[in-house]
Amino acid sequence: MPIDESSLSVLTRSRSATIRARLLAWYDASRRDLPWRRDPPDPYHIWVSEVMLQQTQVATVVPYWRRFVRRFPDVQSLAAAPIEEVLRAWGGLGYYRRAHQLHAAARELAARGGTFPRDVPALERLPGIGRYTAGAIASIAFGRRAALVDGNVARVLSRAFHPLSGAGDAEQRADCWRIAERLVPAERPGDFNQALMELGATCCTPAAPRCADCPLRRSCAARRAGVQDRVPPARRRLAASTVEVVALVALRRGEVLLERRPAGGLWAGLWDVPSEVAAGASADEVRGALERLASRVGVAPSACRPVGEIRRTLTHRRLRFHVYVAWVDRRVRRDGWRWAKQSLDGIGVSRAAQAVLELVRRGGAVRATARQPARRD
DNA sequence: AATACGGGGTC
DNA sequence: GACCCAGTATT
């Protein structure tokens, strides 16, 4: 693809040099102390961190990353572990496909001796590694001159080089990649990329950017034009429709029935409280879902007592869980089922399942326990 | 080009 | 609530 001069004409050699120098100086003075930032960097540590950081904020990732690398200290230990263990470590973090892909990639790497690919094209061939993550690993772990653009970098560059030449969202993102490829220096490319991202995360924020603290304030076109608060434009989001879900917490002597979620789709491969999606929000439709669910679990619908509702909002849909609890007589064993302590003891489940179980612990279970003898005639 | 995919931070 | 986050893969 030819260089788009209209978007790059403002990127002179001297301006590039100034931006690099100011950014790196700022980074040296104020970079955060993150656990995967070691000297020299451990490629496995960087890889795990970058996958966890996909669409997930640093503060959320840090405790998960610590537990994960303690449990799986290297590619070999990750490859040797069953996916079940990996999902347990990932449980609650979200976007579980990342865990499946990380595991699959670890097995590919272990099968060819455990050495990491060092260049962007080879990295991109691994599952779960796209253009961004490949650039991050190549530059941060291996010191390659590779560019990257994430949400932070796109915001910083959109402002600094305002207006970009592209018309739509995708075109502007492409502009950012072109600028980033030009800007990234041969010396310290990893630090430069991290500086760009960290500037976006801590200074050049979506709302109310702290321009007074910004190392690029003198050369920021959006600030000069006074539009830094409106650039880039907010992405508009689909209004998520609500899905009604009936969940049944089946109890037996302090144990709870869990079901494994199917591969692919929401919460793929995680353990979950058995549930059924209702055809709609009407009482009849919710009732129908409860009947299907009770039949699947092997209890009478009349034995299922409502204990309350849980709402969860995901990116693309809202879920309302109608939570029921039932006591069962027999500890039925079945493929894809397991009986677990209500504390779960480290079984990987989603936050939604945690919330459902928490509701039962706090509300339903106490009452239901008191009633239990009466229900066992 | 649009959509699925979680969960939490922040205003 | 809206909007975003060190995105990727699929359709």
Side-chain angles (χ1 to χ4, degrees), chain A residues 31-32 34 36-37 46-65 87 90-102 104-105 123-137 139-141 146-156 167-171 173-174 176-177 180 190-202 204-209 229-230 232-241 243 261 263-270 272 310-319 348-355:
Chain A
R31 72 190 201 173
R32 291 175 288 185
L34 302 178
W36 48 85
R37 285 183 177 164
I46 298 300
W47 175 39
V48 173
S49 76
E50 288 301 340
V51 174
M52 286 188 169
L53 285 163
Q54 290 166 5
Q55 291 290 285
T56 310
Q57 294 184 344
V58 169
T60 303
V61 163
V62 167
Y64 280 90
W65 185 89
L87 288 173
W90 208 275
L93 189 58
Y95 284 155
Y96 298 93
R97 184 166 57 182
R98 296 182 295 177
H100 290 278
Q101 290 170 326
L102 191 74
L123 285 163
E124 274 196 89
R125 276 181 234 122
L126 288 170
I129 299 184
R131 192 177 180 187
Y132 161 80
T133 305
I137 296 173
S139 63
I140 298 169
L148 60 78
V149 174
D150 71 335
N152 291 307
V153 174
R155 186 170 53 255
V156 170
D169 205 62
E171 291 81 3
R173 188 57 77 113
C176 289
W177 275 99
D191 283 348
F192 176 83
N193 285 334
Q194 293 183 85
L196 217 39
M197 293 190 282
E198 192 140 324
L199 187 70
T202 65
C204 193
T205 48
D229 283 298
R230 300 195 295 279
R235 295 177 30 87
R236 64 178 208 80
R237 211 159 273 280
L238 307 63
S241 56
V243 176
R261 307 261 326 167
L266 199 59
W267 300 310
L270 290 178
D272 194 17
I310 297 283
R311 291 163 199 268
R312 309 288 302 177
T313 301
L314 311 182
T315 305
H316 56 297
R317 78 183 66 153
R318 300 164 191 224
L319 302 175
V349 303
S350 69
R351 284 278 186 246
Q354 289 176 29

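Because only heavy atoms are used, hydrogens play no part in the values below, and waters and symmetry mates are left out as well, while side chains stay in. Every chain is numbered from 1 and lettered A, B, ... according to where its sequence line falls, protein lines coming before strand lines.
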What's the [atom1]-[atom2] distance between [X] and [N], to the nearest Å?
X         : N      : atom1 : atom2 : result
Gln55(A)  : dC4(C) : CD    : P     : 11 Å
Glu124(A) : dT8(C) : CD    : P     : 8 Å
Gln101(A) : dT8(C) : CD    : C1'   : 7 Å
Gln354(A) : dG8(B) : CD    : C1'   : 13 Å
Trp90(A)  : dT8(C) : CH2   : P     : 13 Å
His316(A) : dG7(B) : NE2   : P     : 11 Å
His100(A) : dA9(C) : NE2   : P     : 14 Å

Between the protein and nucleotides 9-11 of chain B, list the N/O to N/O atom pairs that are separated by less than 3.5 angstrom.
from	atom 1	to	atom 2	distance (Å)
dG9(B)	O4'	Gln57(A)	OE1	2.9

Applying salt bridge (Lys or Arg N to Asp or Glu O under 4.0 Å), can you list everything that pairs with [X], at least two apart in sequence or on another chain?
X         : result
Arg97(A)  : none
Arg32(A)  : Glu198(A)
Arg312(A) : none
Arg31(A)  : Asp191(A)

How far does the [atom1] atom of [N] sit from the matching atom of [M], given to the nearest Å?
N      : M      : atom1 : value
dT8(C) : dG9(B) : C1'   : 22 Å
dG8(B) : dA9(C) : P     : 24 Å
dG6(B) : dC5(C) : C1'   : 12 Å
dC4(C) : dC5(B) : C1'   : 16 Å

Earlier contact from the 5' end, DNA chain B, for Arg235(A) and Thr313(A): Arg235(A)
For Ser350(A) and for Ala170(A), find the nucleotide of DNA chain B with the closest heavy atom, then tell me which residue's nucleotide is more 5'. Ala170(A)
Side-chain donor/acceptor of [X] to base of [N], under 3.5 Å:
X        : N      : value
Arg32(A) : dA6(C) : yes
Thr56(A) : dG7(B) : no
Arg97(A) : dT8(C) : yes

For residues Val149(A) and Ala180(A), report the shortest heavy-atom separation together with the two atoms involved. CG2-CB, 3.8 Å
Thr205(A) to Ala207(A) - nearest heavy-atom pair and separation: OG1-O, 3.0 Å
Residue-phosphate contact under 4.0 Å: Tyr95(A) side-chain N/O, dC5(C) OP1/OP2: no
Return no unless some side-chain N or O of Trp36(A) is found under 4.0 Å from OP1 or OP2 of dA6(C). no
Please compare Pro233(A) and Gly128(A) by the position of their nearest nucleotide in DNA chain C and report the one closer to 5'. Pro233(A)
Identify whether any heavy atom of Gly200(A) sits under 4.0 Å from a base atom; if not, whether one sits that close to sugar-phosphate; answer base, sugar-phosphate or nothing. nothing
Does Leu34(A) reach a base, just sugar-phosphate, or nothing at all? Heavy atoms under 4.0 Å. base
ring-ring contact (aromatic ring centres under 6.0 Å, His included) partners for Trp36(A), two or more places apart: Trp65(A)
If we count only N and O atoms by modelled type, under 3.5 Å, do the side chains of Gln101(A) and Arg98(A) hold a donor and an acceptor together? no
Please tell me which of the listed nucleotides, [options], lies nearest to the side chain of [X]?
X         : options                : answer
Arg318(A) : dA6(C), dG6(B), dA2(C) : dA2(C)
Gln54(A)  : dT8(C), dG6(B), dG7(B) : dT8(C)
Thr133(A) : dC4(C), dG7(B), dT8(C) : dT8(C)

